[in-house]
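It should be emphasised that the depicted structure is a prediction, and the values quoted were computed from it without experimental measurement. Values reported hereafter were calculated over all heavy atoms of this structure, with side chains retained and with hydrogens, waters and symmetry mates removed. In what follows, chains are A, B, ... by sequence order, proteins preceding strands, each numbered from 1.
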Amino acid sequence: MKSHIANLVSKALDQLVVDGLLDADVVKAPVIERARDASHGDFATNVAMVNSKVAKMPPRDLAARLVERLPASAGVAGVEIAGPGFINFRLADNAYHALIPEILGQGHAFGRGRIGAGKRVQVEFVSANPTGPLHVGHGRGAAYGAVVADLLEAVGYEVYREYYVNDAGRQMDILATSVWLRYLELCGEALDFPSNGYRGDYVWDIAATLHRDHADDYRQAAGAVFDGVPPDDPAGGDKEAHIDGLIARAKRLLGDNRYRFVFELGLNVILDDIRDDLHLFGVDYQEWYSERSLVESGAVNKAIDRLRDAGQLYEKAGAWWFRSTAFGDAKDRVVVRENGQTTYFASDIAYHMDKLERGFDRVIDVWGADHHGYVPRVKAALQALGDDPSRLDVLLVQFAILYRGGQKAQMSTRSGDFVTLRELRKEVGRDAARFFYVMRKCEQHMDFDLDLAKSQSSDNPVYYVQYAHARIHAVLRQAAEKLIDVEPSEGMGSLERLSETHELDLLKTLSRYPEVVEAAATQEEPHQLTHYLRELANEFHTYYNAHQFLVDDAVLRDARIKLILAIREVLRNGLNLLGVSAPEQM
RNA sequence: GCGCCCGUAGCUCAGCUGGAUAGAGUACCGCCCUCCGAAGGCGGGGGUCACAGGUUCGAAUCCUGUCGGGCGCGCCA
């Protein structure tokens, strides 16, 4: 409908050019938008105002000339000039009635589009370190990334969802060492657990598995482990030096193979947990991409070599630095440390290089906002390698702060004192968690009200929308009891009986759905969809209270049933895109 | 100190590629079930769009500055 109006306006503009009232070179393209106020009709355009200057004519005069040249159209019931020079279009009722067979005919496909044109886009999200269970801070990125991916798919992109597994590096060594130390405690060794180790209960659980399956096979005397290791922070030392010393000691005492065994046990247990957790959250990936595989395949060294060959690296204080300042970064960055180990950043360069080499048209990273300072260096690296950094979009998600009983629910991974995503799901349910996380635009700091998410009342927006869907099914069940055929196969002739304001408003709202999906997808803003669904649910509830659907007049009843079937379809499709269920009963 | 994000109704937030009287939910007050689920609906009050300048036919929206809040500035990941 919108494009139809745009088409009419373009033709009128062309005619103005032909008539010599406008210069084709300077005329600005028309923008058609939904009228905000019903009294302004259905669509409006500001072409007359934006072209007023180049036409050397007051906006309203230009508007009048343009309206004179608009082609006639059956779907358009009225055109008027208003305000400073807006041209308002009012559609004929039957233009909206035709929407119902369209929706019912397309079913699940209604609202999906093709502007993605099959382009391949990769979306990387969550990618939390496998050093512990996911917590609620990861939940927002998970929900947001998943919905953005689904939205892009809905508008015609071929989407590849990926989780980058940081299974190399020092944090993983700290985890492996933490597991081993807990295991030693289970064996009966007395020791002071390092202040920088992972202290969560899940570490005990992994240690217990090791102890159950291998008894004392991995046991070493605590003295042998700790003697000569630099003191920990509480003992007046440095916690970083202490944990590094313990890692080195673990590797030496266990030997490569046995250390690797403990390491992998920890990694696999946690990764399985994360995978399962996300799956139950409705988040599934095409690929779990291992950082270690990147190191072991030589991809990291290859990336470093490419940078060196391009003259973008230099040596300073024993380390190799990437000249990222040459590409807009605030300072140069180390890629190879003094000790010869490559940095996380070096892996990330290789990873992003690989993403682009895999031939994606677009690459999207969803990161926590605390990583925003990291964006310039990754883009710098891509540019230095001769790739096009604009193919990479980094979407930053701000933190969500949880409130329970009006109080902040705080968290910290290292101390083990945090709310896990699993617990959140258990507490508020998957539907509410998914909906709440994407209800706000991602750059907005979010207050997540656990009590509200839990409440089974109209205060809770997710229940409000789901209730509208369930209510439609309640009507359909009622109709079935009365032996009314709810899916009549005959034509749509009865639809012109839909003439109530509530009905026409609903049709108008339904007609917006494809535009909402497209906007939410292209702007990566799932919240637009949540707002839309709330609005649609509200209009349905209003309609429900104002009119009886299952009336004696069979023709009218038939029309109304078709309308609510169309509403059901859109509610279901929209909720589905959000990863929220559309229950038939609640 | 430098960089990024945010500041709109008591509270939580839309609106931001400039457009017509600034919206929604919630809270508060008042109504509506002999009627398909009241987990609902209708109405009402409530705003110097943080502040100050600038750009123009027009600014919550764009630019500059100030003030407030969050985050980041590792040879950690």
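- Side chains of A:Y198 and A:Q171 form a contact here, defined as non-hydrogen atoms less than 4.5 Å apart.
- Between the NZ atom of A:K408 and the P atom of B:rG69 there is a distance of 13 Å, given to the nearest Å.
- Distance check on atom C1': B:rA77 versus B:rG18 gives 43 Å, rounded to whole Å.
- The salt bridge (Lys or Arg N to Asp or Glu O under 4.0 Å) test applied to A:R560 returns A:E503, not counting sequence neighbours.
- Nucleotide B:rG45 forms no Watson-Crick or G-U wobble pair with any nucleotide shown, as no partner meets the under 3.5 Å limit on both distances.
- As judged by a 4.0 angstrom heavy-atom cut-off over every strand, A:N538 is placed among residues touching the sugar-phosphate backbone only.
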Nucleotides 72-76 of chain B: which of its N/O atoms have a protein N/O under 3.5 Å away?
| unit_1 | atom_1 | unit_2 | atom_2 | d |
| --- | --- | --- | --- | --- |
| B:rC73 | O3' | A:K331 | NZ | 3.3 |
| B:rG74 | OP2 | A:K331 | NZ | 3.0 |
| B:rC75 | O2 | A:E338 | N | 2.7 |
| B:rC75 | N4 | A:A317 | O | 2.9 |
| B:rC76 | OP2 | A:R337 | NE | 2.9 |
| B:rC76 | OP2 | A:R337 | NH1 | 2.2 |
| B:rC76 | O2' | A:Q171 | NE2 | 3.2 |

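- Considering only residues two or more places apart in sequence or on other chains, A:D167 meets the side chain to side chain donor-acceptor pair (under 3.5 Å) condition with A:S290.
- Atom name P, nucleotides B:rA50 and B:rA9: the rounded distance is 8 Å, in whole Å.
- Rounded to a whole Å, the CZ atom of A:R292 is 16 Å from the C1' atom of B:rA77.
- Side-chain contact check for A:Y467 and A:R471: at least one donor-acceptor pair (N or O, by modelled atom type) lies under 3.5 Å.
- Between A:K251 and A:D173 there is a salt bridge, with a side-chain nitrogen of the basic residue lying less than 4.0 Å from a carboxylate oxygen of the acidic one.
- Nearest-nucleotide assignment on RNA chain B puts the 5′-proximal partner with A:F448, out of A:Y544 and A:F448.
- Evaluation of the side chain to side chain donor-acceptor pair (under 3.5 Å) rule for A:Y351 yields A:E162 as partners, not counting sequence neighbours.
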5' to 3', nucleotides 15-20 of chain B under a 4.0 Å protein heavy-atom cut-off (B base, S sugar-phosphate only, - none) gives SB--BB

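- To the nearest whole angstrom, the two C1' atoms, one in B:rG45 and one in B:rG10, are 13 Å apart.
- The nearest whole Å value for the distance from the NE2 atom in A:H541 to the C1' atom in B:rA24 is 15 Å.
- Rounded to a whole angstrom, the distance from the C1' atom of B:rG53 to that of B:rA59 is 13 Å.
- Base pairing analysis places B:rG68 opposite B:rC6; the two distances defining the Watson-Crick or G-U wobble pair are each below 3.5 Å.
- Remark: A:D232 engages no residue in a salt bridge (Lys or Arg N to Asp or Glu O under 4.0 Å) (not counting sequence neighbours).
- Under the Watson-Crick or G-U wobble criterion, with both distances below 3.5 Å, B:rG1 is paired with B:rC73.
- In B:rC33 the O4'-C1'-N dihedral to the base is within 90° of 0, which defines a syn nucleotide.
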Every protein N/O within reach of nucleotides 33-35 of chain B N/O, cut-off under 3.5 Å:
| unit_1 | atom_1 | unit_2 | atom_2 | d |
| --- | --- | --- | --- | --- |
| B:rC35 | O2' | A:Q548 | OE1 | 3.1 |
| B:rC35 | O2' | A:Q548 | NE2 | 3.4 |

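- Between the C1' atoms of B:rA22 and B:rG69, the separation comes to 24 Å (whole Å).
- Pair assignment for B:rC35 gives none, since no Watson-Crick or G-U wobble pairing has each distance under 3.5 Å.
- For A:R377, there are no side chain to side chain donor-acceptor pair (under 3.5 Å) partners, not counting sequence neighbours.
- Of the candidate nucleotides B:rC36, B:rA77, B:rA14, B:rA14 has the atom nearest to the side chain of A:H531.
- Going from the C1' atom of B:rU8 to that of B:rC51 covers 14 Å, rounded to whole Å.
- Atom P of nucleotide B:rA14 and atom CZ of A:F436 are separated by 14 Å, given to the nearest angstrom.
- Considering A:V397, A:V136, A:V147 in turn, A:V136 is the only one that fulfils the side chain to side chain contact (heavy atoms under 4.5 Å, CB included) rule with A:Y437.
- When rounded to the nearest whole Å, the span between OH of A:Y543 and C1' of B:rC36 equals 12 Å.
- Pair assignment for B:rA60 gives none, since no Watson-Crick or G-U wobble pairing has each distance under 3.5 Å.
- Rounded to an integer number of Å, the gap from A:W367 CH2 to B:rA77 C1' is 12 Å.
- A:T509 contributes atom OG1, which lies 8.5 Å from atom CZ of A:R34 (distance to the nearest 0.5 angstrom).
- Every residue two or more places apart in sequence or in another chain that forms a side chain to side chain donor-acceptor pair (under 3.5 Å) with A:Y314 is listed here: A:D332.
- The residue among A:H547 and A:F345 whose nearest nucleotide of RNA chain B is located toward the 5' end is A:H547.
- A:H527 meets the side chain to side chain contact (heavy atoms under 4.5 Å, CB included) test with A:K441, A:E525, A:T530, A:H531; sequence neighbours excluded.
- At whole-Å resolution of the value, CG in A:D329 and C1' in B:rC2 are 13 Å apart.
- B:rC71 and B:rC32 are spaced 49 Å apart, taking the C1' atom of each and rounding to whole Å.
- Spacing between B:rC76 and B:rU17 at atom P, rounded to whole Å, works out to 42 Å.
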Atom pairs and distances, side-chain donor-acceptor, residues 428-435 of chain A, under 3.5 Å, sequence neighbours left out:
| unit_1 | atom_1 | unit_2 | atom_2 | d |
| --- | --- | --- | --- | --- |
| A:R430 | NH2 | A:G579 | O | 3.4 |
| A:D431 | OD1 | A:S581 | N | 3.0 |
| A:D431 | OD2 | A:Q466 | NE2 | 2.9 |
| A:D431 | OD2 | A:S581 | OG | 2.5 |
| A:R434 | NE | A:L578 | O | 3.3 |
| A:R434 | NH1 | A:F281 | O | 2.8 |
| A:R434 | NH1 | A:G282 | O | 3.2 |
| A:R434 | NH2 | A:L578 | O | 3.2 |

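- A:E535 meets the salt bridge (Lys or Arg N to Asp or Glu O under 4.0 Å) test with A:R512; sequence neighbours excluded.
- The listed nucleotides are B:rA77, B:rG25, B:rU12; the one nearest the side chain of A:D447 is B:rU12.
- Between the P atom of B:rG3 and the CG atom of A:L396 lies a distance of 17 Å, rounded to the nearest Å.
- Look at B:rG25: its Watson-Crick or wobble partner, with both distances under 3.5 angstrom, is B:rC11.
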